[in-house]
Amino acid sequence: MAAAPATAQAATVFPKSHVGFDSITQQIEKKLLKRGFQFNVICVGQTGLGKSTLINTIFASHLMDSKGRMSPEEPIRSTTEIQSVSHVIEENGVRLRLNIVDTPGYGDLINNDRCWDPIVKYIKDQHSAYLRKELTAQREGYLQDTRIHCCLFFIQPSGHGLKPIDIVVLKKLSEYVNVVPVIAKSDSLTLEERAEFKARIKEEFAFHNLRMYPYDNVEHDHDEVALNAVIKEQVPFAVVGSEKNIVVGGQQVRGRQNRWGVINVEDETHCEFVALRNFLTRTHLQDLIETTSFIHYESFRAKQLLALREGGGYSGGSRPISPSADRELSRSSQRMTMNGY
Ligand code: GDP
């Protein structure tokens, strides 16, 4: 057979008339719109840091109730109860199934020894449940995704830096989930204090080698790299939340009324709430979902399959895998061995 000419190059072929496959994007869009999107967020931080308020402010609805104590007589929660609430919110025909996981109790107690365990376990359990469903012989066509796509980590606006417990928890969490740190109640800091606090936290993240979302990715194009550079500069977002509307200059704004004036949550000169909301909902929603799937879940999955291959057994979630899933897991692991993984 004659060898192809060395100069032959892949050429772009234009159809002579309209074939119609350019409608594939509309087809995908229609399918996605019908199915809707699932987004799972976990909020981690001490009680009273404004977690419920911020979530309700971001999604402009009352999605979460405060878990704080309303009076000093109420007992402090002694355990970290993980509670998840689901909502379907719709905007211009796009349905978003939002799962918000609250972790009251973290860091609230005098002895906070291993208080992060239930949170990390919860996140791993979601990966494990997904793996179990994925490996079930007769699995459903569409797997309900409960994997956590984003962890909003609330930092106390102390002006000093991260607490030792924060460092331990951030280290653990960033192994399994996209961590987005926010400085809670940033209205308590002056602009100068805020800038210094931010710089300090950035330094601490770098010093302790804490992984912060967004990550570098060789597949990112020029625009994505530029956008992520802006986000990396902004993180941790210094936010203010409010569920109240206040009239300022004849206009209703989301804000907090103080004796000396109003903090307009949506005013970018007052705080970075809008930047956080845009980042979460407009620019990085899909990337948070994909990064969870391709980085965090993949690494969890690979570890589980390797553990099984090496005879260590399945060690991921707290529940044992079902017998049929176990068989599938062994088969997958055998396939991995055959393929030289
Ligand atoms: P959670 O326990 O972390 O969910 O905290 P909540 O959302 O229940 O908020 C606790 C209290 O802090 C409430 O009285 C809120 O009105 C108030 N709060 C929430 N966000 C802010 C904020 O950004 N600044 C200030 N100053 N107070 C806030």
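Counting starts at 1 for both ligands and their atoms, in listed order. Atoms considered below: every heavy atom in the structure, side chains included; atoms not considered: hydrogens, waters and symmetry mates.
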Mode of Arg256 contact toward ligand 1 - side chain, backbone, both, neither (heavy atoms, under 4.0 Å):
side chain

Atom indices of ligand 1, in the order listed, that fall short of 4.0 Å to a heavy atom of [X]:
| X | answer |
| --- | --- |
| Ser52 | 1 (P), 4 (O), 7 (O), 8 (O) |
| Thr47 | 2 (O) |
| Thr53 | 6 (P), 7 (O), 9 (O), 15 (C), 19 (C), 20 (N) |

Which of parallel (below 30°), tilted (30 to 60°) and perpendicular (above 60°) describes Phe39 and His149?
parallel

Between Lys232 and Asp216 (salt bridge meaning N to carboxylate O under 4.0 Å), is one present in this structure?
yes

Flag, side chain of Thr53 to backbone of Ser242, donor-acceptor distance under 3.5 Å:
no

Give a yes or no on whether the backbone of Glu193 and the side-chain of Thr190 come within a donor-acceptor separation of less than 3.5 Å.
yes

Less than 4.5 Å apart, any side-chain heavy atom of Val180 and any of Phe237?
yes

So Gln26 and Lys30, do their side chains get closer than 4.5 Å, heavy atoms only?
no

Regarding ligand 1, does [X] bring an N or O atom to under 3.5 Å of one of the ligand's N or O atoms?
| X | result |
| --- | --- |
| Val240 | no |
| Ser186 | no |
| Leu49 | yes |

Options Glu243, Lys185, Lys51, ranked by nearest heavy atom to atom 22 (C) of ligand 1, top entry
Lys185

